Each structure stands twice: as structure tokens, then as C-alpha cells.
Amino acid sequence: MARRMSPAAPCEPTPGRPQPWRWAHFVIFQLSQDGRLSTLELGRRVGLTPAPCLRRVQRLEDDGVIAGYRAVINPGAAGRGFCVIMSVEITMTNSETVQEFEKAVAALTEVTEVRRVYGVPDYIVRVDVADGNEYERFQTQKMTKLPGIHRIISHPMMKLIKSLT
């Protein structure tokens with residue numbers, strides 16, 4: 001009886017070359033390390049010629065996998081080296097309060113990230129400012145005046161261990 005190969009059986013990989021379904025992972029990794037790579041250099045790094053490389057990048061952009069390109073700013077060099085993560089609770093009396101708070105906190109230039117979370121606290125807010133004195137002014141003059149603020153707990157960062165942004 002002859003053995004039949006399953007149609008799902010993988011082909012033997014070519015040594016040193018990623019399989020087609022893995023191209024996206026290689027391209028994403030390289031662009032996450034350096035979003036300014038030329039198509040020629042990106043293709044060289046992932047083992048593609050420029051035209052297929054460009055098509056794969058465009059497909060990732062069209063599919064929303066690559067949402068954009070941006071510069072990574074060194075907060076210390078930009079005069080904003082004091083990072084504080086705030087745990088923020090609001091009094092949610094209605095959806096308008098939530099919407100007003102979210103709109104107001106997102107508009108603050110010192111705020112670099114806001115995440116609404118499940119449970120307590122309601123929000124995690126990242127603030128980048130020059131120093132502790134500037135943070136105190138920010139918290140007392142801006143944050144405490146936002147709609148619905150109930151409690152703020154501040155967590156000044158000691159050291160950044162890892163960041164992918």
C-alpha cells in the first residue's frame with residue numbers, strides 16, 4: 001500500500017530562508033527595530049528582493065498590522081526625564097463623566113499614555129515631565145481639576161528596564 005502525504009504536511013524549509021508564512025514576522029521585527037529601513041536594506045535583512053519586500057510591507061500596512069511610523073524620543077534629552085505612572089480613580093456617575101475625563105486627560109501635553117483598565121484603578125496614566133517639582137504642579141494644577149477625579153496614586157519611575165516603543 002502506497003503512503004500518501006497529507007496535504008497539510010509542511011515542506012522542508014530551505015536552510016537560512018524563512019518560510020512564506022513567516023515573512024511577516026521577520027519584516028515586522030526588522031521594522032520595529034528601525035522603521036527607517038529602505039526597502040532594499042529591509043529586503044536584504046529578510047532575504048527578499050526589493051519588489052516582493054515592498055509588496056509585503058504594503059500588505060501589512062493595508063491590513064493594519066503596521067499602523068504607522070514614528071520617531072522614538074528620548075524623554076531625558078527632550079527635558080522630560082521624570083516619568084510618573086499614575087493610578088487614577090474617577091467617580092463614574094454617568095457615561096458623560098467618563099467621556100469628559102478621557103477627553104480632558106488626553107489633551108494634557110504632559111500625559112504620554114492613558115489606558116483604561118478593568119477593576120481598580122480605573123485608569124493608568126503615564127506622565128513625562130522635567131522633575132518632581134514640575135510633576136507636583138502638574139498634579140495639583142491640572143490633574144486634580146479634571147472631571148470626576150476621585151483618587152490619584154503616583155508611582156515615580158526609578159529605572160526603565162524595557163520599552164518596545
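If you're wondering where the values come from, they're calculated on a predicted model, not measured in any experiment. All values below were derived from every heavy atom in this structure, side-chain atoms included, with hydrogens, water molecules and symmetry-related copies excluded. Throughout, residue positions are numbered sequentially from 1 according to the sequence presented.
The shortest side-chain heavy-atom distance between M86 and V111 does not fall under the 4.5 Å cut-off. For the pair F26/R56, no side-chain contact is recorded, criterion being any heavy-atom separation below 4.5 Å from C-beta on. Side chains of Y123 and V105 form no contact here, defined as non-hydrogen atoms less than 4.5 Å apart.
Transitive grouping of hydrophobic side chains (ILVMFWY, heavy atoms separated by less than 4.5 Å) brings L146 and V88 into a common cluster. Residue Y135 is not grouped with residue M157 when hydrophobic side chains (ILVMFWY) are merged at heavy-atom distances under 4.5 angstrom, including chains of intermediate members. Each of F82 and I124 belongs to its own hydrophobic cluster when Ile, Leu, Val, Met, Phe, Trp and Tyr are linked at side-chain heavy-atom distances under 4.5 angstrom. Hydrophobic clustering keeps L54 apart from V46 (ILVMFWY residues linked when any side-chain heavy atoms are closer than 4.5 Å, directly or through intermediates).
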N/O donor-acceptor pairs under 3.5 Å from side chains in residues 67-74, not counting sequence neighbours:
| residue | atom | partner | partner atom | Å |
| --- | --- | --- | --- | --- |
| Y69 | OH | E61 | OE2 | 2.7 |
| N74 | OD1 | G76 | N | 3.0 |
| N74 | OD1 | A77 | N | 3.3 |

Exercise for review: Assess whether side-chain contact (heavy atoms from CB on, under 4.5 Å) is satisfied between T39 and V57, documenting all intermediate values.
Suggested key: CA-CA 9 Å; T39 304; V57 170; over 6 Å; no
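Of the charged side-chain nitrogens involved, at least one lies within less than 4.0 Å of a carboxylate oxygen, so that R44 and E41 count as a salt-bridged pair.
Judged by distance alone, the side chain of R80 and the main-chain N or O of D128 form a donor-acceptor pair under 3.5 Å. At least one donor-acceptor pair under 3.5 Å links the side chain of D131 to the backbone N or O of N133. Side-chain atoms of R126 do not come within 3.5 Å of backbone N or O of R115 as any donor-acceptor pair.
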